[in-house]
There are 2 protein chains.
Amino acid sequence: MALGDAILACLTERPMTGYELAKTFDSSIGFFWKADHQQIYRELSKLRDRGHIQGREVVQSGKPNKLVYTLTPEGRTALRHWAARPSTPASTKDDLLVRLHALDSIDIEPLRTDLMARLEHHRDRHANYERILKKRFPDGTAEGRLDLGNLLLLRLGARHEQMVADFCEEALEALSAMSGKATVVPLEDGKREKG
Amino acid sequence: MALGDAILACLTERPMTGYELAKTFDSSIGFFWKADHQQIYRELSKLRDRGHIQGREVVQSGKPNKLVYTLTPEGRTALRHWAARPSTPASTKDDLLVRLHALDSIDIEPLRTDLMARLEHHRDRHANYERILKKRFPDGTAEGRLDLGNLLLLRLGARHEQMVADFCEEALEALSAMSGKATVVPLEDGKREKG
DNA sequence: CCGTTATTTACCGTAACAGGAAAAAGTCGG
DNA sequence: CCGACTTTTTCCTGTTACGGTAAATAACGG
């Protein structure tokens with residue numbers, strides 16, 4: 001019960017169809033929340049059953065008819081109640097961290113390439129955040145409450161990506177410094193283990 | 001299929017029982033990965049069925065017998081193969097961020113208390129990381145590969161917590177600055193909505 | 001005609017999360 | 001001695017999420 005609330009949160013901005021929501025979850029809110037269209041459509045059905053949203057069919061020519069979903073007053077209330085409950089700090093659950101935890105039992109080469117890919121990935125995202133920040137908040141201040149929320153969000157996102165990117169760089173450097181005194185030679189396919 | 005690998009990663013350090021693993025997931029690796037004992041026991045059964053770990057019963061007097069699990073060569077290979085696959089960047093999925101995204105549709109007061117709680121939480125965790133860092137790596141350098149992994153991990157954790165704590169502070173300040181020109185008065189129970 | 005875009009829906013499975021309960025044997029406080 | 005707690009494993013029932021495959025429908029571009 002959290003994806004549903006994320007969808008409600010999106011619908012506060014404007015009514016949307018499942019298709020639009022799927023795209024939203026691919027850009028703005030999707031920066032920190034992934035969900036594919038199936039998840040979204042399934043969740044939308046549930047929300048409708050609960051009476052939190054209301055679908056209005058819009059007949060289209062040339063395209064399949066679309067279902068525009070709007071928040072109902074019950075939905076707004078539900079969202080506010082959800083938002084009034086203490087939030088649960090999410091755990092990271094990043095594969096990379098698990099790998100670092102078992103660093104001496106895995107092969108370094110794939111790890112390096114992975115770190116490099118991740119470095120690029122996080123740099124891209126950082127640049128993206130900065131780009132949006134400059135476009136939407138050129139002077140770094142927000143007017144309304146909605147704007148403030150989004151500004152804070154973008155700033156956090158930017159900083160996070162920056163930090164992770166820096167971390168990847170640092171990890172790569174540390175691995176390079178260490179690889180001089182390598183303890184285990186990478187093997188082909190686990191024919192030998194060092195135990 | 002990720003919790004299983006996290007467990008394998010833990011078992012590279014030393015053989016452990018499910019009970020010990022549960023406690024480990026409550027401290028070291030649990031800093032970025034949450035799992036309760038039931039999840040762990042279930043996963044252990046699966047891993048045993050797959051032949052990735054091997055259980056050895058240790059008869060105890062005074063306490064129930066325990067099952068010490070050891071990595072099998074197959075398990076080590078599986079871990080290495082898993083670690084050689086590109087990692088998937090995890091998405092944040094933090095309730096707080098969703099709330100910020102819908103900032104103008106929710107009540108600020110509970111959000112403030114939540115932010116304050118989170119601030120404390122992240123500060124605590126940061127202090128904890130720093131404490132462990134000072135204890136395990138007083139001079140900030142690592143010897144072996146295992147140590148390097150853990151050092152990097154701790155540093156990332158510390159920085160992350162620091163950053164989120166700063167963010168909470170900033171958000172609180174911004175909310176205070178904004179609350180002067182409040183647009184919506186907080187309501188009791190959604191009897192009125194501003195739409 | 002084929003592929004793409006727009007739009008929704010259906011089914012399959014597994015993985016993860018949440019919580020409640022029960023065993024069994026000891027230890028410790030009152 | 002009773003009750004509470006620790007240690008250790010297991011079973012239960014749910015919901016939520018994740019992942020893939022695929023099918024309808026209908027225009028538009030090549």
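A, B, ... follow the sequence lines: proteins, then strands. Residue 1 opens every chain. Remember, predicted model here, so these are calculated numbers, not experimental data. What's counted below: heavy atoms across the whole structure, side chains too, no hydrogens, waters or symmetry copies.
- Side-chain atoms of A/Glu57 stay outside donor-acceptor range of the base of C/dT8, with no qualifying N/O pair under 3.5 Å.
- In this entry the distance linking CD of B/Gln38 with P of D/dT10 reads 12 Å, nearest Å.
- One interatomic measurement links the two molecules: NZ of B/Lys66 to C1' of D/dT10, which rounds to 18 Å at whole-angstrom precision.
- There is no side-chain donor-acceptor pair under 3.5 Å between A/Arg145 and B/Ser105.
- The side chain of A/Lys34 contributes no N or O atom lying less than 4.0 Å from OP1 or OP2 of D/dA17.
- Between the side chains of A/Arg125 and A/Asn128, not a single donor N or O lies within less than 3.5 Å of an accepting N or O.
- Taking 4.0 angstrom as the limit, A/Tyr19 places a side-chain polar atom (N or O) nearer than this to OP1 or OP2 of C/dA6.
- Put simply, B/Tyr41 has no side-chain N or O that comes within less than 4.0 Å of OP1 or OP2 on D/dT10.
- The phosphate of D/dT9 has OP1 or OP2 within less than 4.0 Å of a side-chain N or O from B/Thr17.
- The side chain of A/His37 lies closest to C/dT9, out of C/dT9, D/dT9, C/dA16.
- For B/Arg99 and A/Asp5, the salt-bridge test fails: no basic side-chain N is under 4.0 Å from an acidic carboxylate O.
- Rounded to whole Å, the distance from CD on A/Gln39 to C1' on D/dA17 is 6 Å.
- Across the protein-nucleic acid pair, B/Leu21 atom CG and D/dT9 atom C1' stand 13 Å apart, rounded to whole Å.
- Atom CG of B/Asp49 and atom P of D/dT10 are 11 Å apart (whole Å).
- Side-chain atoms of A/Thr70 and A/Arg14 form no donor-acceptor pair, as typed in the model, at a separation below 3.5 Å.
- Counting to the nearest Å, the C1' atom of C/dT8 and the CG atom of A/Leu44 are 11 Å from each other.
- Comparing A/Tyr69 and A/Ser91 by the nucleotide of DNA chain C that holds the closest heavy atom to each, the one mapping nearer the 5' end is A/Tyr69.
- Among the protein residues, B/Lys23 comes within range of no part of the nucleic acid, since none of its heavy atoms lies under 4.0 Å from any strand.
- Put simply, CZ on A/Arg56 is 12 Å from P on C/dT8, counting in whole angstrom units.
- To the nearest angstrom, P of C/dT8 lies 12 Å from CE of A/Met16.
- Taking a 6.0 Å sphere around CD of A/Glu170, one finds it holds more than 12 heavy atoms contributed by other residues, nucleotides or ligands.
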